[in-house]
Amino acid sequence: MAGALRVSLNLESSVPAYRQIANDLRRHLVEERLKPGDLLPPVRQLAVDLGVHFNTVALAYRMLAAEGWLELKRRRGAAVIARSAPRAVDRSQVDHLLRQLAHIAAELRSVGMTSRQISSALRRLAQGTRP
Amino acid sequence: MTSASWSMMLVVSVNAILFHAMPRFSRPDILFAVTVPEAFAAGAGRTLVTRYRAIIWSGATAALAIGLLLPAFLPGSVQGGMLVIGPVAGNMMVALVAWLLAHRKARAHAVPFSDVRVASLVPRDTSLPGGTLFAAGPFAILLATAVLVYTYRDDVRVGPITIKPFGPLVFGGVYVAMMLTMAVSLARRTRQIAVDGLAAAAEQRFRRVNVLVLVLTGYAVAVLLSATTVASIPGFGDAVMGRAWFVLMPVMLFNFGVAFWMFRVGQGGQRAVAPAARQEVHGDATPDYAWKVGGLLYFNPRDPAIWVENRVGPGYTLNMGNLRAWLLIAGMMLVPMIAARLLF
């Protein structure tokens with residue numbers, strides 16, 4: 001496991017804390033910085049480190065376990081498992097995410113980014129590199 | 001000079017040295033229990049520390065002078081107690097007021113608490129140093145002593161205040177269990193402030209040394225109480241009491257060594273780390289407003305941590321806003337009560 005694996009959250013953000021944690025973890029998983037067999041810290045340890053309630057971290061872990069990324073281990077946190085294939089495509093969820101992406105694209109255009117710049121940033125994001 | 005005068009001089013001097021060292025035990029950017037910018041700690045903060053120390057040593061000098069002059073004015077019958085209590089209490093009061101004044105001045109320069117939290121996803125070692133078997137050592141010592149006492153139960157001398165033969169051993173067992181509970185809780189329920197790199201390694205080392213101190217304190221208690229118990233068996237007494245020091249002395253020396261090491265590396269081991277390696281670590285990840293009584297007590301019901309780094313002195317303190325911390329305190333208070341019931 002790489003040494004600089006971090007999770008961060010902003011308590012002032014409108015995004016719920018459990019979702020911020022899950023988003024960070026998912027990014028590490030998708031970009032393969034977290035590999036099958038890697039262990040994540042126990043729920044209570046991560047909650048103490050982040051200064052949030054245990055249930056917040058537990059919810060984030062459960063969310064990723066439901067997506068097939070993690071296997072939850074009682075008192076020992078969670079382990080990354082080999083995700084043989086993505087879950088069956090949930091069309092409504094994909095539509096929801098694409099709508100969110102459309103909103104973000106509109107916001108980016110309204111702050112002055114061109115379509116070309118947005119496409120290029122999205123391509124880099126999809127490839128796992130920073131835009 | 002009488003022995004009371006010597007005692008007074010010793011206590012006042014040790015007190016002054018401790019208060020003098022207190023600002024040094026904190027993290028580099030915590031001054032008088034307040035999170036301040038590093039530039040302030042290195043600049044105007046130093047003047048604040050110098051003034052604080054000047055008050056500490058002036059108070060100590062005054063206490064010593066009064067303590068040494070008192071015998072000339074007090075009748076002999078009240079000298080003993082007054083000579084020690086008066087100057088020591090006065091010196092303590094001056095030191096506390098100096099701390100509170102400095103704390104108040106530092107608060108004017110406090111850094112706003114950040115709402116951004118960062119944590120490492122790499123699980124850290126939360127086991128007890130030396131493993132479970134090493135941690136169970138004090139119980140083995142107490143158990144072996146209990147077997148010995150049982151074997152010689154007809155010869156055991158009863159103490160002048162009717163101490164039951166197994167009482168100290170049971171007390172030792174409860175005390176060691178408390179120490180281990182604290183050690184486990186400290187290893188698992190303290191916040192890792194530095195996320196990675198040298199600062200994180202220094203912090204983890206600092207934590208494990210603190211945990212080791214608790215485990216070794218369990219050994220010291222087990223040896224001391226076992227030696228005291230075995231001493232009540234004719235034929236064993238002198239030999240055992242003489243040898244107990246071979247175990248207790250290294251533990252005491254280790255504790256003195258740890259205190260000196262903490263003074264050098266500061267809270268969380270962060271003074272031993274170059275500022276660049278501390279990266280975005282700022283303060284100790286606890287809000288200033290949650291620290292009460294000049295930074296002495298931490299009360300934050302929204303913080304899930306049971307233990308947080310002390311802001312006054314080295315080591316860790318309990319989060320008084322956490323129910324589990326109160327359960328630990330209740331356990332620690334029950335120990336003397338159980339002991340009193342068992343011993344007498």
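Just so you know, these numbers come straight off a predicted model, no measurement behind them. Throughout, protein chains are lettered first and strands after them, A, B, ... in sequence-line order, and every chain is numbered starting at 1.
- The OG atom of B/Ser114 sits 8.5 Å away from the CG atom of A/Leu11 when rounded to the nearest 0.5 Å.
- Few gaps surround CD on A/Gln100; more than 12 heavy atoms of other groups in view lie less than 6.0 Å from it.
- The CD atom of A/Gln45 sits 12.0 Å away from the CZ atom of B/Arg191 when rounded to the nearest 0.5 Å.
- Environment of CH2 in B/Trp261: crowded, with over 12 heavy atoms of neighbouring residues, nucleotides or ligands closer than 6.0 Å.
- In this structure a side-chain-to-backbone donor-acceptor pair under 3.5 Å is present from B/Arg117 to A/Gly51.
- For B/Arg302, the part lying near chain A is the backbone, with the side chain staying farther off; criterion is any non-hydrogen pair under 4.5 Å.
- Heavy atoms from other residues, nucleotides or ligands lying under 6.0 Å from CD of A/Glu32 number 12 at most.
- Proximity to chain A is limited to the backbone of B/Thr190, based on heavy atoms less than 4.5 angstrom apart.
- The shortest non-hydrogen separation linking A/Val48 to B/Arg189 is CG1-O, 4.0 Å.
- Looking at heavy atoms from C-beta onward, B/Leu121 lies in side-chain contact with A/Leu46 at the 4.5 angstrom threshold.
- Taking each heavy atom of A/Ser8 and B/Val118 in turn, the nearest pair found is CB-CG2, 4.0 Å.
- Atom OH of B/Tyr175 has 12 or fewer heavy atoms from other residues, nucleotides or ligands within 6.0 Å.
- The neighbour count for B/Leu133 CG, taken as heavy atoms of other residues, nucleotides or ligands under 6.0 Å away, does not exceed 12.
- Nearest heavy-atom pair, A/Leu50 versus B/Ala119, reported as atom, atom and distance to 0.1 Å: CD2-CB, 3.6 Å.
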**Request:** Apply the test side-chain contact (heavy atoms from CB on, under 4.5 Å) to residues A/Asp49 and B/Val195: give CA-CA distance (whole Å), side-chain angles for both, the deciding distance (0.1 Å), then the verdict.
**Result:** CA-CA 9 Å; A/Asp49 286 353; B/Val195 181; over 6 Å; no

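- Separation of atoms CZ (B/Arg188) and CZ (A/Arg44) is listed at 11.0 Å; rounding is to 0.5 Å.
- Heavy atoms of other residues, nucleotides or ligands lying less than 6.0 angstrom from CZ of B/Arg124 number more than 12.
- Counting all heavy atoms, side chain and backbone alike, A/Pro41 lies closest to B/Pro123 at N-CG, 3.9 Å.
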